[in-house]
Amino acid sequence: MRINMAQSCAALVLIFGLASVMCKADRKGLHQSATRKIQGHVDDTFRLAAYYGDHMVLQRAPESAILWGYAPIGSYINISFAGAMYSDVANPGMFGPNVGVWKIMLDPQPASGPTSITISCNTTVGAIQKIQLKDVLFGDVWVCSGQSNMQFPVKKVYNATAELKASSQYTNVRVMTISRDNTTTPLYDIRNITLPWSLPSPSSLGGTDYFSAVCWFFGRDLYDAYGVPIGLVESAWGGTRIQVWSPPDVIDKCGDAAKTSKQTVNQTTEEAADDLMGLITPKPPTASSQLWNAMIHPLLNMTIKGAIWYQGEQNTGRPDSYKCLFPNMIASWRDKWHVGSNGQTNAVFPFGFVQLCTSTRPEIGNIGGFPVLRWHQTTDYGYAPNPAMPNVFMATALDLPDLQSTISPVHPRDKQDVGLRLSLAARGIAYGEKSLVYQGPFPTKITVDEVQHTISVMYDNIGSDHIKLVGASGFEVCCSFQDTCQANDVWLPLPVLSLTNIYAITLSYDCLMAKPVALRYLWRDYPCTFKDCTVYTEKNNLPALPFVLPLN
């Protein structure tokens with residue numbers, strides 16, 4: 001049944017430029033939507049958009065899940081589910097004289113399943129077709145994106161055989177991998193899917209149709225914490241810069257320094273390392289927004305819980321633009337996903353990221369671009385969430401180096417700890433576990449005693465937990481005759497004198513005739529060996545975060 005548009009409902013103008021409405025009828029359970037224009041190569045066959053299928057997870061309440069697809073123009077679409085009936089009519093799109101698009105929003109559903117959803121199409125000539133989605137769960141849907149460390153497959157991690165075998169017991173976690181694709185204009189549906197919605201198993205996670213290790217361990221650990229179905233959608237491509245994942249408005253906002261050439265650029269050492277894994281075949285695009293167009297934009301109709309991101313290695317050669325690009329990319333994704341899902345995806349949905357580990361050639365003492373990139377990942381706050389990055393959570397990987405990695409040190413094989421730390425941070429931010437220790441210590445107060453020549457660093461941002469000392473000092477002080485650290489000033493290593501109390505440490509300095517003006521911590525490409533940095537939390541063994549801060 002088609003509901004009269006004069007009925008009370010909220011109008012939404014969607015990002016594709018088509019005025020559209022999605023309304024709940026006065027009659028319980030009956031919905032109407034005018035559809036957006038969809039681009040791509042499709043026929044008029046009645047079918048769902050490419051990323052729907054058996055075994056999938058749809059977003060649970062309080063949000064509403066959306067289903068959309070194709071049918072001959074004028075066809076009546078009905079969905080029967082959970083005692084309710086939903087309807088729409090296939091409206092003209094952009095595919096020729098008889099290709100229509102329909103879109104229906106379900107009522108909010110609690111975490112549940114498995115269940116089946118029946119979708120029927122009644123054409124204008126009286127033909128009736130049906131599609132039945134089987135083994136569908138309602139839970140939390142997370143998108144996992146970035147470059148090679150997100151694409152890094154489960155089958156290459158430490159203890160891969162045991163991890164793959166154990167995956168089969170997680171029948172309420174489902175996985176899907178979007179194929180690598182790029183285009184110069186936005187797509188509105190996925191063109192190819194490497195791994196359709198699947199239950200985890202040695203074959204689905206570790207076969208030819210691989211799946212992201214970080215994404216898997218993150219979702220698995222969330223399921224262990226809450227027992228709520230989890231849907232994981234991998235959309236990643238090794239050797240890619242943040243610019244190719246950013247919408248055009250982000251590139252424009254961040255200026256010329258953020259733009260990438262449309263011509264092929266020289267292969268970086270990080271990209272060469274990605275070649276070892278076979279994660280950048282075919283060669284990744286370099287022009288701005290191409291992966292946003294092909295691998296993120298088509299997902300905007302999908303209601304999601306949030307996204308996680310592991311990327312940045314490819315930007316360490318020119319890290320300065322990351323401070324603008326990253327927070328604005330997050331904000332733009334959020335805005336467009338909120339509109340694309342008819343207001344169902346949170347306008348500030350939780351967004352998590354991994355602070356980088358090491359480069360392809362880590363050397364003790366080398367600084368390089370990694371410390372600056374790590375700092376810019378936090379928009380120079382050093383932690384997340386922060387005022388520039390609300391509802392953003394972070395897991396650091398800088399203390400998880402793997403110099404013996406067979407696929408280059410830039411690809412550490414310990415993705416279990418990365419996934420665990422991300423899930424802890426998500427539990428703290430996305431799921432609101434306020435008492436949970438989910439992030440490493442960060443200075444809340446630094447005091448200089450010029451008489452005793454000591455610096456006290458207070459870490460009381462970790463609730464009821466306290467800090468512990470593990471490795472050698474990674475602290476350095478800038479000694480200067482100016483009020484701020486100058487380019488030619490010297491940074492001197494600082495020994496840790498003592499653990500002053502459960503929240504503070506005392507450092508000793510000697511600047512001779514100069515004065516201490518800045519303090520930094522772990523400001524190296526390769527700051528420490530495996531889990532052997534200086535400061536950690538007692539609970540969950542989370543490393544203190546790197547920083548560079550003034551002392552005035």
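Residue pairs satisfying the disulfide (SG to SG under 2.5 Å) criterion with at least one member in residues 310-341, sequence neighbours excluded, are listed as follows: C254-C324. Pairs of residues two or more places apart, or lying in two chains, that qualify as ring pair (Phe, Tyr, Trp, His ring centres under 6.0 Å) and include a residue from residues 468-496 are F475-Y521. The list of side-chain hydrogen bond (donor to acceptor under 3.5 Å, both in side chains) pairs with a residue in residues 387-404, not counting sequence neighbours, reads Y158-D402, Q355-T396, D399-R421, D399-Y536, D402-R413.
Checked by atom type and distance alone, the side chain of T358 never pairs as donor or acceptor with a backbone atom of Y526 at under 3.5 Å. For S473 (side chain) and L494 (main-chain N/O), a donor-acceptor pair under 3.5 Å exists by modelled atom type. Side-chain atoms of S235 come within 3.5 Å of backbone N or O of M295 as a donor-acceptor pair.
Counting only heavy atoms from C-beta outward, the side chains of V233 and V141 approach each other to under 4.5 Å. In this structure, the side chains of N149 and V418 stay at 4.5 Å or more apart for every pair of heavy atoms. Residues M394 and M389 fail the side-chain proximity criterion, which asks for heavy atoms closer than 4.5 Å. Two residues are said to be in side-chain contact when any heavy atoms from C-beta on lie closer than 4.5 Å; L507 and L519 meet this criterion. With a 4.5 Å cut-off on side-chain heavy atoms, C533 and L522 count as touching. The shortest distance between side-chain heavy atoms of F370 and P546 does not fall below 4.5 Å.
Residues forming a side-chain contact (heavy atoms from CB on, under 4.5 Å) with E63 (at least two apart in sequence, or on another chain): Q59, T303, Q344. Scored by the side-chain contact (heavy atoms from CB on, under 4.5 Å) test, S498 finds T500, T506 as partners (sequence neighbours excluded). Considering only residues two or more places apart in sequence or on other chains, D465 meets the side-chain contact (heavy atoms from CB on, under 4.5 Å) condition with V437, I462, T537, E538, K539. Under the rule for a ring-ring contact (aromatic ring centres under 6.0 Å, His included), F530 has no partner lying at least two apart in sequence or in another chain. For F349, the ring-ring contact (aromatic ring centres under 6.0 Å, His included) partners two or more places apart in sequence, or in a different chain, are W337. For Y310, the ring-ring contact (aromatic ring centres under 6.0 Å, His included) criterion is met by no residue, not counting sequence neighbours. C479 pairs by the side-chain contact (heavy atoms from CB on, under 4.5 Å) definition with V477, L492, C511, A514, not counting sequence neighbours. Applying the ring-ring contact (aromatic ring centres under 6.0 Å, His included) criterion to Y438, with sequence neighbours excluded, gives no partner residue. For D510, there are no salt bridge (Lys or Arg N to Asp or Glu O under 4.0 Å) partners at least two apart in sequence or on another chain.
The aromatic rings of H297 and W292 sit perpendicular to each other, their planes meeting at more than 60°, with 30° as the lower class boundary. Using bins of under 30°, 30° to 60° and over 60° for the plane-to-plane angle, the ring pair Y431/W142 lands in the tilted bin. By the 30° and 60° cut-offs, the orientation of the rings of H453 relative to Y509 is perpendicular. A tilted orientation is assigned to the rings of Y322 and F326, their planes being inclined by 30° to 60°.
D221 and Q416 are not linked by any side-chain donor-acceptor pair at a separation below 3.5 angstrom, with hydrogens and angles left out of the test. Under 3.5 Å, the side chains of Q486 and T484 contain a donor-acceptor pair of N or O atoms. For the residue pair D460 and T444, a side-chain donor N or O sits within less than 3.5 Å of a side-chain acceptor on the partner.
Looking at E163 and K415, no side-chain N of the basic residue comes within less than 4.0 Å of a carboxylate O on the acidic one, giving no salt bridge.
Of all non-hydrogen atoms in P412 and P409, the two that sit nearest each other are CD-O, 3.6 Å.
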